[in-house]
Amino acid sequence: MASAEWRPWLQLAAFSLVLFLITAATYSSLGVVLPLMVKDQGWNWTEAGLGFTLLGALTGASSMIPAWLIRRFGVAFTVLFGGAVMVAGFLCLWATHSLWAYWIGCGLCGVGYQSMALIPGTHVLGAVFRNRARAFGIYFTFGSLGGVAGPWMVFGVLGLFPGQWRLFWIIAAAAAALVGLVCALSVGSARWLAQAGEDIDHEVEAAEARPANHRIWRTHEDWTAREALATPQFYVLLAAYFSHLLCGVTVASLSVAHLTQMGVAAAVAAGMLSFESLMQLLGRAGAGLLGDRIDPRHLLIFALAAQVLGSLALSVAHTYPMMVLYSIGTGLGFGLTVLAVTVLLLNYYGRRHNLEIFSLTCLVGAASALGPLIGGFIRDRLGSFAPTFQIYAGVIFLVFVATLFMRPPHKRPAAEIAATPADEDAPRLARRAA
């Protein structure tokens, strides 16, 4: 009994540590290190943006790999696999002397990111915690904290060893190997996890049976991935996940370069990126506290609106008020969206097949990762990153409108589905007979 009480919190701590580190060492740090790499290697921004695109694309495109590994070999093996791939990616970045090594390193980090953190983490935490929004809030908050720490980790290394950006990737590789091993050791057996998930499901059903707990809509049935794909709500959530990644990855990779082009000092631009990650942290922490008390759809609506405002502010930011508005808007929006979508998928479609449903959602990251590449292309052709952020604000606004009208999905009873064709044909056949 004692083990059952502390083990979920140990797993939450381990997965949070992993998400903190790899967020700090990939998306958050690469945007700060990249200008140094571009200058040292003589790349243009289209070539540099492609690396960030590969990082995001492989994070999304590889989402079915950890899902398959978990079903086949368990969570611990999947985390170790992801850790090994992540270390290989960091070593490629350390050894970069060509674009190919840089691109391969970014791609490997994307595969490792998905296999170490997002898919295993959400799968385990969704199974062992009844208050899932709170658990996800803590988990994603640590990811945002990694985003805050990442730029300063880079500056710390470069402050001690000026110009030695390669050393940062060596340190990141060693840290990834260590935390990956710790996380794998904290994961229970597949049998224990399955039993814990069944117990939590019963607790959730019992709590929902009380009249006072009907404030948030939750399904009482488990949807298969095929059934979820047949509902428009899945595609609205998919679009929300796509748009938040499209904006978030582009901000992480190009905002520093954009602001410095607008005349902002590099240290201030990096500080704004760190502040943006701090807003992600506050958003996810707040959403974790509120997600089990208010409808996560309302959180998603607010998050998308905030991202629209933040993206528009960033496109013209060169004063402190506009930079603060960009950081608050895109930070809160990014932080709230991923948690709201994760909880809504569980609330709408159940936990039993959530591993596959969430993995399918993460696949969209492959497309959203085109954001930095498109931004670099626009910069090379038009001389500015501003149109990129304005276009992405328009995309997010369309998703915002769709979310306003979204309502929970409802399964049609099997008997009703079987009877529908006959019922629809009855009037036509009767007229023909007459």
Side-chain angles (χ1 to χ4, degrees), residues 19 23 27 56 60 118 122 132-145 147-148 216-217 233-252 255 273 275-315 324-348 358 361-362 364-365 368 371 389-408:
L19 190 60
T23 300
Y27 288 98
L118 285 182
T122 54
R132 289 160 178 159
R134 180 176 63 182
F136 288 142
I138 295 171
Y139 177 57
F140 289 125
T141 294
F142 271 87
S144 296
L145 188 60
V148 175
I216 299 175
W217 193 94
Q233 290 85 349
F234 175 80
Y235 294 97
V236 173
L237 296 177
L238 189 72
Y241 197 81
F242 165 81
S243 63
H244 107 282
L245 285 176
L246 182 73
C247 176
V249 174
T250 306
V251 168
S255 64
L273 181 59
F275 181 55
E276 193 255 4
S277 296
L278 178 61
M279 290 298 101
Q280 292 182 32
L281 185 153
L282 295 178
R284 289 172 177 177
L289 296 174
L290 298 174
D292 289 313
R293 294 176 173 83
I294 65 174
D295 190 341
R297 187 179 72 90
H298 297 152
L299 295 178
L300 182 58
I301 291 170
F302 173 80
L304 294 170
Q307 277 196 298
V308 170
L309 292 176
S311 297
L312 291 175
L314 175 57
S315 70
V324 169
L325 180 58
Y326 124 66
S327 296
I328 293 175
T330 60
L332 286 179
F334 189 88
L336 288 169
T337 298
V338 64
L339 189 143
V341 170
T342 303
V343 176
L344 282 169
L345 287 172
L346 281 165
N347 288 355
Y348 283 2
F358 185 71
T361 305
C362 291
V364 78
S368 64
F389 298 110
Q390 293 165 359
I391 292 169
Y392 295 170
V395 172
I396 298 169
F397 179 76
L398 294 177
V399 183
F400 165 79
V401 173
T403 307
L404 283 176
F405 294 97
M406 182 178 69
R407 295 296 181 268

For a quick test of reading the model, state the closest non-hydrogen atom pair linking [X] to [Y] and the distance between them.
X    : Y    : result
G371 : L246 : CA-CD1, 3.9 Å
F389 : V251 : CE2-CG2, 4.1 Å
F334 : Q280 : CD2-OE1, 3.3 Å
T330 : S311 : CG2-N, 3.7 Å
T122 : T342 : CG2-CG2, 4.3 Å
I396 : L304 : CG2-O, 3.5 Å

Next item on the list: Show your working on side-chain contact (heavy atoms from CB on, under 4.5 Å) between L237 and M406 and close with a plain yes or no.
Entry: CA-CA 9 Å; L237 296 177; M406 182 178 69; 3.9 Å; yes
Between atom [atom1] of [X] and atom [atom2] of [Y], what is the distance when rounded to the nearest 0.5 Å?
X    : Y    : atom1 : atom2 : result
I301 : F405 : CD1   : CZ    : 10.0 Å
L332 : L299 : CG    : CG    : 11.5 Å
H298 : L404 : NE2   : CG    : 9.5 Å
L336 : L300 : CG    : CG    : 9.0 Å
I138 : L145 : CD1   : CG    : 13.0 Å
T361 : Y235 : OG1   : OH    : 10.0 Å

Next item on the list: Measure the acute angle between the ring planes of F358 and Y241, then classify it against the limits of 30° and 60° as parallel, tilted or perpendicular.
Entry: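 Perpendicular, since the angle between the ring planes exceeds 60°.
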Check: Can you check whether F234 reaches L344 side chain to side chain, under 4.5 Å on heavy atoms?
Finding: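 F234 does not reach L344 side chain to side chain.
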Next item on the list: Mind checking side chain to side chain contact (heavy atoms under 4.5 Å, CB included) for I391 and listing every partner two or more places apart, or none if nothing turns up?
Entry: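 With sequence neighbours excluded, I391 shows a side chain to side chain contact (heavy atoms under 4.5 Å, CB included) to I378, given in chain and number order.
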Margin query: Which residues pass the side chain to side chain contact (heavy atoms under 4.5 Å, CB included) test with S327, not counting sequence neighbours?
Written below: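 S327: side chain to side chain contact (heavy atoms under 4.5 Å, CB included) contacts with M272, F275, E276.
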Notebook entry, point to check: Heavy-atom count around F142 CZ within 6.0 Å, excluding the residue itself: above 12?
Noted result: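 Open.
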Next item on the list: Step by step, work out the side-chain contact (heavy atoms from CB on, under 4.5 Å) result for L339 and T141.
Entry: CA-CA 10 Å; L339 189 143; T141 294; over 6 Å; no
Next item on the list: State whether the side chain of Y392 and the backbone N or O of T250 hold a donor-acceptor pair below 3.5 Å, judged by distance alone.
Entry: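 Checking the backbone N and O of T250 against the side chain of Y392, no donor-acceptor pair under 3.5 Å is found.
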Margin query: Keeping S243 on the side-chain end and A240 on the backbone end, is there a donor-acceptor pair under 3.5 Å?
Written below: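 Yes, S243 side chain to A240 backbone: donor-acceptor pair under 3.5 Å.
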Next item on the list: Please name all residues satisfying side-chain hydrogen bond (donor to acceptor under 3.5 Å, both in side chains) with T403, sequence neighbours left out, ordered by chain then number.
Entry: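 Counting only residues at least two positions away or on another chain, T403 forms no side-chain hydrogen bond (donor to acceptor under 3.5 Å, both in side chains).
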